[in-house]
Every structure is written in C-alpha cells, then in structure tokens.
Amino acid sequence: MNVVTRFAPSPTGFLHIGGARTALFNWLYARHNGGKFLVRIEDTDRARSTQDAVDAIFDGLSWLGLNWDEEPVFQFSKAQRHAEVARTLVEQGKAYYCYCSPEELSAMRDEQKAAGLPMRYDGRWRDRPATDAPAGIKPVVRLKAPQNGETVLSDLVQGEVRVANAQLDDMVLLRADGTPTYMLSVVVDDHDMGITHVIRGDDHLTNTFRQIQLYHACGWDLPVFSHIPLIHGPDGAKLSKRHGALGAEAYRDMGFLPEAMRNYLLRLGWGRGDEEIISTQQAIEWFDIADVGRAPSRFDMAKLTNLNGVYLRQADDARLCDLIIPLLEKETRQSLDNKAKDLLLRAMDSLKQRAKTVNELAQSARFYVQPRPLALEEKAARQLDDNGARQVLEDLIVRLDSAEPFSRDALEELARVYSEEKLLKLGKVAQPLRAALSGSTVSPPIFEVMELLGKQESLARLRDALNRAIA
Ligand code: GLU
C-alpha cells in the first residue's frame with residue numbers, strides 16, 4: 001500500500017508539544033513506508049483561526065524538519081465540496097433535512113434529561129416526507145446513521161473498540177447556513193487527500209465512530225486509524241503550560257536543537273527496548289505504530305535538556321556558531337567580525353562539551369568575543385582584588401610576553417614552572433588567570449582559552465585586570 005499520512009492542526013494557537021509529536025509520528029510513519037506526509041490546516045472555525053497560528057505551525061514544522069510532500073490543504077477552501085457530499089447523501093437517502101428549531105431541540109433535551117435518558121437527537125425528521133417541510137425554515141442536514149448493530153474501530157494502538165449504534169444519534173453534516181460541520185469536513189478531506197493512515201491523539205477517539213459511519217454512508221474505504229495516548233506532565237496531570245506545553249518556537253528560543261526535540265518527542269509514547277538516543281535516520285528505519293504504548297507518556301523537561309546536551313556535543317561546530325552568533329550579537333549589541341567568528345569556531349569543540357542548550361552555549365562563549373575591558377562577574381572580581389592574585393598576574397605578564405609558542409601545553413608548562421618556583425598551588429595561578437581572561441570563575445580549560453585568544457589579547461586582558469584592581 002502506498003502510505004499517505006497527514007497532520008491536521010486547527011490554527012487556533014502555536015504548534016504545541018502534543019501536536020508536534022502527532023506530526024512527528026505521521027511523518028515518521030510516512031517516511032518509514034516510503035509514503036507521503038501531508039498537512040491540512042483545519043481552519044473552518046473562522047472566529048478562532050488566525051494567520052499567526054498558521055505561520056507558527058508551518059514555522060514549527062519546518063524547524064523540526066518535518067517536511068511535507070504536497071501543497072498544504074486549507075480545509076475552509078473545500079467547504080463547497082463538503083456541502084456537495086452532504087447533498088449527494090441526501091439524494092441517496094443516506095442523509096436528510098431536519099427542520100427542528102433550536103427551541104425544539106432544547107425541549108427534546110429537557111424531556112430526555114427529566115426522564116433520565118441520554119440526550120440525543122431522536123431522529124424525528126429521519127423519515128418525514130419533504131412535503132412536511134415548514135416554510136421559511138432553513139434545515140440542517142443529518143446523517144441517517146444506522147440504529148442497530150455496532151460500529152467497530154480496529155485501531156492500531158487501541159485495538160478493536162466497538163460502540164453500539166443505538167448510542168450515536170444522527171449527527172449534523174451541514175448547518176442551516178449551509179456550512180459543513182467538522183465531522184463532515186474531516187472525513188471528506190481525508191478521503192479526497194487519499195489518506196491511508198490517520199494517526200492522531202486519542203482525544204479524537206469518540207469522533208472516530210461517527211466518522212466511520214460517515215465513511216460507510218459515502219461508500220468509501222476506511223483509513224487505518226491509530227489513536228495515540230496524550231502527553232501528561234511529570235505529575236501525571238494533563239499537560240499544561242505549567243509543565244512546558246509550549247509552542248515549538250519556545251523550545252527553539254530556549255536553545256533546543258530540532259534533532260534533540262525529534263528524539264525526545266519520539267520517545268514520548270514510542271519505544272524500542274531501552275534505546276534513548278535514536279537518530280532520526282534510525283527512527284525512520286525503526287518506527288512502527290505497533291510500538292506505540294497505550295499509557296499516556298510524561299513530559300520531562302530535565303530529560304529533554306539532557307538529551308539536548310547529547311545532541312549539542314554531536315553537532316557540527318560551524319552550525320553551532322551560526323546558532324550562537326545572533327544571540328551574542330544581540331547581547332553585545334555589536335556585530336562580530338570575522339576574527340571573532342573564527343575564534344568562536346576554534347573554541348566550539350571545547351565549549352559544546354559543557355553546554356546543554358544553545359543559550360547556555362552562547363553564554364559560555366560570550367567572554368571570547370566581549371569587547372575589552374571585560375565585565376567581571378562579582379566572584380571573579382573579588383578574586384582579582386587579592387594582592388597575591390595581582391602579584392601572580394604581574395609576574396605572568398612578563399613571562400607570557402616572551403612565551404613561544406603560545407600553545408596550551410607550553411603555557412601550562414610555563415604556569416607550572418612558575419608555581420613551583422613561587423611554591424604556589426597551580427590553582428592559585430590558574431584562578432586569577434581565569435578571572436582576568438574570562439571574567440568568570442568557570443570557563444573552558446584556561447590554557448586552551450589563552451591559546452585561542454592569542455598572546456596579544458590575553459596579555460591585554462591581564463593588564464586590564466591589573467589596571468582595574470589598581471584603580
Ligand atoms: N484539527 C484537529 C485538532 O487539531 C485534528 C483532527 C484530526 O486529526 O482528525 O485537534
């Protein structure tokens with residue numbers, strides 16, 4: 001079978017974490033099977049759909065690398081087609097006009113409620129002749145749903161689920177103003193788009209039975225359904241903003257890499273043994289709906305952050321530079337010249353070993369490209385106020401000036417010789433160097449930092465530190 005999946009978000013908000021996972025599963029399933037992954041924007045709720053949300057969804061998908069294979073479908077633009085299908089069903093006797101007024105419907109509900117019955121449309125217009133139609137009232141179109149037997153869903157995740165047809169009333173397909181309902185639009189679009197597999201959140205499970213009835217009425221083949229359990233917060237409650245249910249762009253802004261997000265989202269509900277680090281290539285090879293669990297998964301920010309660290313360490317240095325340069329430029333309010341960019345590139349392999357997010361990476365790289373004199377962190381400044389520390393810097397400035405080559409090993413050796421001569425612990429030498437060169441008490445290995453900064457810049461920073469202390 002030529003697999004065609006789709007992601008069908010309603011553009012009423014950002015691409016949240018649950019939607020991103022649904023998109024990923026659909027994308028992976030399509031890629032695994034050499035099929036197509038399509039996107040449909042379900043923008044029929046005109047009041048709540050916004051262009052900003054549409055943009056955010058496409059941006060989020062693009063950032064996550066979930067590329068779609070055909071022009072996205074905008075559901076609202078297909079309204080005529082949806083209405084046509086409903087009218088054809090009426091002609092075929094599979095749907096009918098219902099002229100109940102809102103008052104009549106609410107009276108019906110009140111009676112059912114009073115009698116302790118489930119509230120359902122009672123089918124009163126199912127078999128009435130057109131001649132009964134009251135003048136001046138615009139009817140809705142309802143599906144003539146089966147009243148006996150069962151509707152059966154064979155779900156790849158939920159297994160076989162059955163509902164007695166007596167429990168489902170005749171749903172509205174077209175409203176009185178002629179606009180299609182959500183149920184109608186989804187089914188017609190999935191059919192027209194040739195969707196073979198519907199993978200979506202299990203909050204849609206109850207809709208599916210009605211949708212299946214509609215497929216049957218239309219005489220169309222059913223897609224294969226998979227309803228995936230929702231994502232919960234670490235405390236087991238339904239995922240909310242409090243837990244980190246943010247839009248994809250928020251994760252990008254927090255400094256997560258798309259490949260780490262993909263890996264993390266994949267593991268939310270899908271697993272293969274104990275594998276935690278799964279590359280996208282590997283995921284495409286392995287992904288199967290059969291391995292999606294039936295229990296809700298739990299979103300864990302700490303896990304995502306750790307995973308991001310793993311991917312940062314694997315990431316290409318030049319790419320990471322491209323990611324942090326705009327952040328640094330924004331912070332230092334100046335554009336970085338090629339020398340600074342080159343320095344970052346050379347420093348990156350070491351920097352990325354210690355960061356868990358792109359933002360942390362930018363923070364830790366900042367001292368390399370900050371204009372002199374460096375702003376010192378308080379702790380670093382205090383270390384440099386110390387007379388012993390100042391003496392160390394004064395002595396080292398002289399020795400470093402003639403150091404050749406200015407390489408990490410040679411510099412470490414120079415510091416070692418100096419500390420032995422002065423009966424100082426190496427830490428007592430390295431500490432003021434670190435404070436003066438990085439403005440901080442934590443940095444990559446300090447002799448590496450010196451090598452990367454070069455002799456001129458290193459000496460200038462050390463002199464700055466002394467001048468500052470004297471002043
Ligand atoms: N538009 C629906 C939503 O955003 C999804 C419908 C579907 O996948 O069938 O929840």
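Remember, it's 1-based here, ligands and their atoms both numbered in the order they're listed. We count residues from 1, following the sequence as given.
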For atom 1 (N) of ligand 1, closest protein heavy-atom neighbour = E42 OE1, 2.6 Å
Contact partition for Y182 relative to ligand 1, non-hydrogen atoms under 4.0 Å = side chain
query = Does the side chain of D189 come under 3.5 Å of the side chain of H82 through a donor N or O and an acceptor N or O?
reply = yes
task = Record the part of R6 in heavy-atom contact with ligand 1 below 4.0 Å; permitted values are side chain, backbone, both and neither.
result = side chain
message = One thing to verify: whether D300 and R298 come together as a salt bridge, which I'm taking to mean a side-chain N less than 4.0 angstrom from a carboxylate O.
response = no
query = Which pairs pass side-chain hydrogen bond (donor to acceptor under 3.5 Å, both in side chains) with one or both residues in residues 338-347, sequence neighbours excluded?
reply = D342-R346
inquiry  = Suppose I only count heavy atoms of S10 and a 4.0 Å limit; which atoms of ligand 1 are within that range?
reply    = 1 (N), 2 (C), 3 (C), 4 (O)
query = Can you list the steps and then say if K352 with D317 is a salt bridge (Lys or Arg N to Asp or Glu O under 4.0 Å)?
reply = CA-CA 8 Å; K352 73 183 181 187; D317 292 348; 2.6 Å; yes
ask   = How long is the gap from CG on L361 to CG on L323, to the nearest 0.5 Å?
value = 8.5 Å
key: Within-cut-off N or O pair, V186 and ligand 1, under 3.5 Å   = no
task = Identify, for atom 5 (C) of ligand 1, the protein heavy atom at the shortest distance, and state residue, atom and that distance.
result = A8 O, 3.2 Å
note = Quick note, ring-ring contact (aromatic ring centres under 6.0 Å, His included) partners involving residues 117-163, not counting sequence neighbours, are Y99-W125
task = Considering heavy atoms of the protein only, find what lies nearest to atom 10 (O) of ligand 1 and give residue, atom and distance to 0.1 Å.
result = H204 NE2, 2.9 Å
request  = Report yes if some N/O of R40 lies less than 3.5 Å from some N/O of ligand 1; otherwise report no.
outcome  = no
